[in-house]
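Can you read through this structure? Questions will come right after.
Nothing here was measured: the structure is a model prediction, and the numbers come from that model. Numbered from 1 within each chain, the chains take letters A, B, ... in sequence-line order.
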Amino acid sequence: MIRTFFLFLGIFGALAVSWASLVMAPYFQIGMHQPQETQFGGRYPVQMPGQANRGQEVYRANGCYACHTQQVRQEGVAYEVYLTEAGSAQDQLIQKLLDMRPDWDQAMARDHIRNLPVLITTTEERSSAETIQRQLEALGAEDVAVRISFIPTGSDIARGWGGRRSVAADFLYKQPVMLGWQRMGPDLANVGARQMQATWHYQHLYDPQYVSPSGSSSVMPPYRYLFELKEKTLKPNPDALRFPASYEGIPEGYDVVPTDEAKALVSYLINTKAVEGIYEAPLPRPPQPAREQQEEDEAAPDSNAGGGSADQNSSGPTAPASPN
Amino acid sequence: MSPTATTTETSETEATEKHLPSVQEVDESCRSSLFILLGGAALWLVLGSLFGFLASIKFHAPPLFADVSWLTLGRVDAAAFNLFLYGFAVPAGLSVLLWQFARLGRTEIGLKLFIGTGSVLWHLGVFLGMLAVLAGENSGYRWLEFPGSVVFVLLLAYAILGGCLFVQFVQRNVRPLYVSQWFLLAGLFWLPWILITVYWMLLVSPVRGTLQSVVHWWYGNNLAVVALGFMAIATLLYLLPVISKRELHSRWQAIFGFWILVIFAGWGGIPHGSPVPAWIPSLSTVGTVFALVGVAAIGMNLHFTFNGQYQLFSTDIPTRFLLVGAFAFPVGGLWNAVGSLEPVTDLTRFTLFTVAAQKWWIYGFVSMTFFGAVYYFLPKVCARDWWKPNLVQWHFLIALAGLILFVIPMAIGGLVQGAKLADAETLFMESLESALMFFRIATLGELAFLAGHVLFLVNVCGICCPSCCLPGKGKGKGSK
């Protein structure tokens, strides 16, 4: 009896190791997260509007997460080298630039120097970026300025599914958190930044095969039960879906009108985006010309946040990249 | 304590002295309890496979039943998976556990009314859960789509059922423990623990942000690998020695494997690249790789126990199921370990490859082992022969065909899909099209699963119904 008791205790202790390390420890680390400041000093994340929250319920109730993920992955980092100040010895500089950029000619180089900052190169190696920076700043007796900015890279980002990787903060107000596990459809973490038109979403939900960029190869089921057929009246229905005249999916004399559920779902999709840069996942932004950058550095909140810069002279990017 | 001792009668004097019931009495005492658990399990298995096949077909014909909200792809897929887990896998695991506790402890099943009540309540919970999922009240967590109210019913059912099984264990006649009972005890205890954790942290009082995902992944891994996996390992450790009429090759190896698994197996399941602190997936990978040592220990033990008796594969059908399970176990452990490594996860995450890996473990290992055990003990428990012994053979062939048709194309398709997803120059559509090519073959696999499960239902009902309804008639060569 006693032996069995100790055996049971041993089993409990051993199994509880996984519970303690993978449930309790993360609970204390990320279970009490609060919203944080963005690179701009704004608050992140913010709650979606009420209709979008209801749309989240519709997304869950229809099992959309079975085919769509909502997380952008990052595979690495690339370093962008920008010339921000050309200095006085421009001939020497232009010569050096032409060595680095065989695709430029003299005229192009002069033009670029007049319209700074200009991206010189992107490299995977930080040491290469710093070498280029050193080489350029050695010219022109200290008045050439080069800044290095780093950008997240990865196939998800290159595909335009997001400007940065998804992090825990993005899901703070999601309930439930539907990260997804299969990509039978594209990732939806930033769908609101890609497809901002409600009309497109309604049409896509009604007939994915007709509207999807994948065309008839799309495997998304039509969600016709989220719509109603209403007889056409003399007064046109403002909510009615508009398809080209050749479309045959609507019976004659009827309008297809979204139900409240469809409207909520579309509102949710349009509000699903993570376009703010935050401490653990900053968004890259090309540096401004040096004088403006200096003013910005003085005005911006002091942050050691690794914002997109690998150089102690420069500070992090301060604006989100344009939506993908 | 030796497993083979449980099948042989002790001498007359010993039996009288210890008042040990005979093996036959023990088996037959399990009849009604097992029938309630397994009959329901077989029914849910057929229903779950039907939904699974329907979901699979919908990928090839998206407008099929699309106008009916109850049959939309997302809900049908969720219902299929959860019916399989909670309708079949858990009750089958508990029935296998019940029978082994009875056999290994040489105890007749008592508290039958309570066990029956718990089982019926569990099946009721599964039924309500299925309705809830199809109605759109799913929780959003793949490993437990049932809403909180339904999970409460399941927990209540388990409290009764699990409590009775624990009492059964405590009141066993044969006191020394065999290593299977260690695994069963661990599984019996851990299932409610993880269920209560997930019930509280995801359904009743949801935690914030991606902690939900961590808890969810932890739960899924612990359900598949620890709770269900341990029940299946216990079954193999008990039945393979019994069938080959040998002792387990090495008791110490089994105990070593047990402790390694019990410490490390629960760590897995958290994928790299998730929006969670990086140490969590790393720790998860470490655990999965360490658990491989335990898997190898158990796998080797089983092999050395059964070595030389593999010809039984061709003569005995339950053995076929068990050997497939015993083969799938180390392969699955290796697959999980390699699959959790970062370079592999980067390629295969979000592809059909992960579906294949999951199916291999839960079906190829856990379910095939449970089928083998059920086909082994039901004739003894019901003291009859199979209604149509051919159907048992057909079930095996169809199940094996289904497993191969599903897992191999999904795994290959997943790798191709992953390679295309990883290349940003390739359109997303191309990755989907290449995946669908392999998916078509996997749909045939789903059809095979469905057919096999119908046979399982027929077999279970065909042997249990007459023995329960017509006791005393048709006593066959079932009890050996």
ask   = What option among A:Met32, A:Met184, A:Lys174 has the most heavy-atom pairs under 4.5 Å with chain B?
value =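 Looking at each option in turn, the highest pair count goes to A:Met184.
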Which atoms of B:Phe65 are under 4.5 Å from chain A, going by heavy atoms: the side chain, the backbone, both sets, or neither?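 Neither the backbone nor the side chain of B:Phe65 comes within 4.5 Å of chain A.
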Problem set entry | Atom group of B:Phe264 that falls short of 4.5 Å from chain A, counting heavy atoms |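 Looking at B:Phe264, nothing touches chain A.
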Which word best sums up how the rings of B:Phe428 and A:Trp161 line up, parallel for under 30°, tilted for 30 to 60°, or perpendicular for over 60°?
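Judged by the thresholds at 30° and 60°, the geometry between B:Phe428 and A:Trp161 is perpendicular.
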Would you tell me whether B:Thr354 and A:Trp181 have side-chain atoms, one donor and one acceptor, within less than 3.5 Å of each other?
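Distance-only check fails for B:Thr354 and A:Trp181.
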Measure B:Trp259 against the heavy atoms of chain A and call it side chain, backbone, both or neither at under 4.5 Å.
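Only the side chain of B:Trp259 comes within 4.5 Å of chain A.
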Report task. Below 4.5 Å from any heavy atom of chain A, which atoms of B:Leu283 appear? Answer side chain, backbone, both or neither. Result ->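 Looking at B:Leu283, just its side chain touches chain A.
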* Asked: Which atoms of B:Leu436 come close to chain A, meaning under 4.5 Å heavy atom to heavy atom: side chain ones, backbone ones, both, or neither?
  ->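 Side chain of B:Leu436 only, per the 4.5 Å heavy-atom cut-off to chain A.
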Check: Which of the residues B:Met201, B:Arg142, B:His216 is involved in the greatest number of heavy-atom pairs with chain A at under 4.5 angstrom?
Finding: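 Looking at each option in turn, the highest pair count goes to B:Arg142.
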Q.
Check for me whether the distance between the ring centres of A:Phe12 and B:Trp190 falls short of 6.0 Å.
A.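 They do not qualify: ring centres at least 6.0 Å apart.
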- Report yes if the side chains of A:Pro176 and B:Leu202 come closer than 4.5 Å at any heavy-atom pair, otherwise no.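 No, every pair of side-chain atoms sits at 4.5 Å or beyond.
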Tell me which one of B:Leu211, B:Thr197, B:Val207 satisfies side chain to side chain contact (heavy atoms under 4.5 Å, CB included) with A:Val23.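 It is B:Thr197; the other options fail the test.
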**Message:** Taking atom CZ as the centre, does B:Phe189 end up with more than 12 heavy-atom neighbours from other residues, nucleotides or ligands that are less than 6.0 angstrom away?
**Reply:**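 Counting other residues, nucleotides and ligands, CZ of B:Phe189 exceeds 12 neighbours.
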Please identify, among B:Ile263, B:Asp77, B:Asn221, B:Leu261, the residue contributing the most non-hydrogen atom pairs under 4.5 Å to chain A.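 When all of B:Ile263, B:Asp77, B:Asn221, B:Leu261 are compared, B:Ile263 has the most.
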Fill in: When B:Ala265, B:Ala78, B:Pro206, B:Gly287 are compared by non-hydrogen pairs under 4.5 Å with chain A, the top option
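Looking at each of B:Ala265, B:Ala78, B:Pro206, B:Gly287 in turn, B:Pro206 comes out on top.
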Do other residues, nucleotides or ligands put more than 12 heavy atoms under 6.0 Å from the CZ atom of A:Phe243?
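Yes, because the 6.0 Å sphere around CZ of A:Phe243 holds more than 12 heavy atoms from other groups.
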Margin query: What's the separation between atom CG in B:Leu352 and atom CZ in A:Arg183, rounded to the nearest 0.5 Å?
Written below: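 Here the interatomic distance stands at 13.5 Å.
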- Any chance the side chains of A:Gln71 and B:Ser274 put a donor and an acceptor closer than 3.5 Å?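 Side-chain D/A pair, A:Gln71 to B:Ser274: absent.
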Fill in: Residue pair A:Ser218 / B:Met429: nearest heavy atoms and the distance that separates them
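Minimum heavy-atom contact is N-CE, 4.4 Å.
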Q) Between B:Pro275 and A:Asp170, is any pair of side-chain heavy atoms under 4.5 Å apart? A)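 Answer no - side chains too far apart.
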Distance in Å, A:Arg60 CZ paired with B:Glu137 CD, rounded so as to fall on 0.5 Å steps =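 Interatomic distance, A:Arg60 CZ to B:Glu137 CD, rounded to 0.5 Å: 6.0 Å.
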Taking every non-hydrogen pair under 4.5 Å, which of A:Val72, A:Asp207, A:Thr69, A:Val58 racks up the most with chain B?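 Heavy-atom pair counts peak at A:Thr69.
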Quiz item: With chain B, which of A:Cys64, A:Ser155, A:Ala158 has the greatest number of heavy-atom pairs at distances under 4.5 Å?
Solution: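 Most heavy-atom pairs under 4.5 Å with chain B: A:Ser155.
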Checking heavy atoms, do the side chain of A:Gln29, its backbone, both or neither come under 4.5 Å from chain B?
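The side chain, not the backbone.
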(Q) Looking at every non-hydrogen atom in both residues, tell me the closest pair between B:Phe350 and A:Gly180 and how far apart they are. (A)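 Answer, listing the atom of B:Phe350 first, then A:Gly180: CE2-O, 3.9 Å.
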Q: Go through B:Gly268, B:Pro277, B:Ala135, B:Pro63 and name the one with the most non-hydrogen pairs under 4.5 angstrom from chain A.
A: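 The residue among B:Gly268, B:Pro277, B:Ala135, B:Pro63 with the greatest pair count is B:Pro277.
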Point to revise | Minimal non-hydrogen separation, B:Asn138 against A:Ala61, with atom names | key: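 Closest pair (atom of B:Asn138, atom of A:Ala61, distance): OD1-CA, 3.4 Å.
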- Task: Heavy atoms only: give me the nearest B:Thr426-A:Arg159 pair and the separation to one decimal.
- Result: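 Residues B:Thr426 and A:Arg159, closest heavy atoms: O-NH1, 2.6 Å.
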Out of curiosity, B:Gln212 CD to A:Gln175 CD, how far, rounded to the nearest 0.5 Å?
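B:Gln212 CD to A:Gln175 CD: 4.5 Å, rounded to 0.5 Å.
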- Would you give the length of the straight line joining atom CD1 of A:Ile30 to atom CZ of B:Arg208, rounded to the nearest 0.5 angstrom?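 Those atoms lie 11.5 Å apart.
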Per-residue contact mode, A:Ser21 against chain B (heavy atom under 4.5 angstrom):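 For A:Ser21, the contact with chain B is made by backbone and side chain together.
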Practice item. Look at A:Trp19, A:Phe227, A:Tyr173, A:Tyr59 and state which one has the largest set of heavy-atom pairs under 4.5 Å with chain B. Key: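 Answer, by heavy-atom pair count under 4.5 Å with chain B: A:Trp19.
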Next item on the list: Identify which of A:Phe8, A:Tyr225, A:Phe171, A:Tyr27 forms the greatest number of heavy-atom pairs closer than 4.5 Å to chain B.
Entry: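 Greatest number of close heavy-atom pairs with chain B: A:Tyr225.
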I need the B:Arg172 CZ to A:Thr4 OG1 distance, nearest 0.5 Å.
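It comes to 4.5 Å.
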Using non-hydrogen atoms and a 4.5 Å limit, figure out which bit of B:Val76 sits close to chain A: side chain, backbone, both or neither.
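Neither the backbone nor the side chain of B:Val76 comes within 4.5 Å of chain A.
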Side chain, backbone, both or neither: which part of B:Glu425 has an atom under 4.5 Å from a heavy atom of chain A?
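No part of it gets close to chain A.
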A:Tyr254 OH: over 12 foreign heavy atoms closer than 6.0 Å: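 Counting neighbours around OH of A:Tyr254, 12 or fewer heavy atoms of other residues, nucleotides or ligands fall under 6.0 Å, so no.
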If you count every heavy atom of other residues, nucleotides or ligands that lies below 6.0 Å from B:Asp423 atom CG, does the total exceed 12?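 Yes, CG of B:Asp423 has more than 12 neighbouring heavy atoms, counting only those of other groups under 6.0 Å.
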Rounded distance (nearest 0.5 Å) linking atom CD1 of A:Ile11 with atom CG of B:Leu185 =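 Going from the CD1 atom of A:Ile11 to the CG atom of B:Leu185 covers 5.0 Å.
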Please look at A:Arg73 and chain B and tell me whether the side chain, the backbone, both or neither of the residue comes under 4.5 angstrom of a heavy atom of that chain.
->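 Just its side chain gets close to chain B.
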Self-check item: Proximity breakdown for B:Phe258 and chain A, heavy-atom pairs closer than 4.5 Å
Solution: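 Just its side chain gets close to chain A.
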Which atom names give the shortest non-hydrogen contact between B:Ala186 and A:Leu15, and what distance separates them?
->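 B:Ala186 and A:Leu15 have their closest heavy atoms at O-CD1, 4.1 Å.
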Inset, instruction - Please determine, among B:Trp193, B:Trp217, B:Tyr219, B:Phe59, the option with the most heavy-atom pairs under 4.5 Å with chain A. - result: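 Highest number of pairs under 4.5 Å: B:Trp193.
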#### Entry: Pairwise side-chain contact, A:Pro26 with B:Trp218, heavy-atom cut-off 4.5 Å (strictly under)
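No. Closest side-chain heavy atoms not under 4.5 Å.
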ask   = Between A:Val17 and chain B, which part of the residue has a heavy atom less than 4.5 Å away: side chain, backbone, both or neither?
value =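 Both backbone and side chain of A:Val17 come within 4.5 Å of chain B.
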For this session: Can you see which heavy atom on A:Ala66 is nearest to which on B:Gly74, and at what distance?
Result: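 Of all heavy-atom pairs spanning A:Ala66 and B:Gly74, the closest is CB-CA, 4.5 Å.
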Assess the residue pair B:Leu73 and A:Cys67 against the criterion (side-chain contact (heavy atoms from CB on, under 4.5 Å)); give the C-alpha distance rounded to whole Å, side-chain angles, the decisive distance to 0.1 Å, and a yes or no. CA-CA 9 Å; B:Leu73 176 61; A:Cys67 295; 3.9 Å; yes
Fill in: B:Tyr141/A:Met178 under side-chain contact (heavy atoms from CB on, under 4.5 Å): CA gap, chis, key distance, verdict
CA-CA 8 Å; B:Tyr141 305 110; A:Met178 295 174 279; over 6 Å; no
State whether a side-chain donor-acceptor pair under 3.5 Å links A:Tyr223 with B:Asp67.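 Judged by distance alone, the side chains do not pair up.
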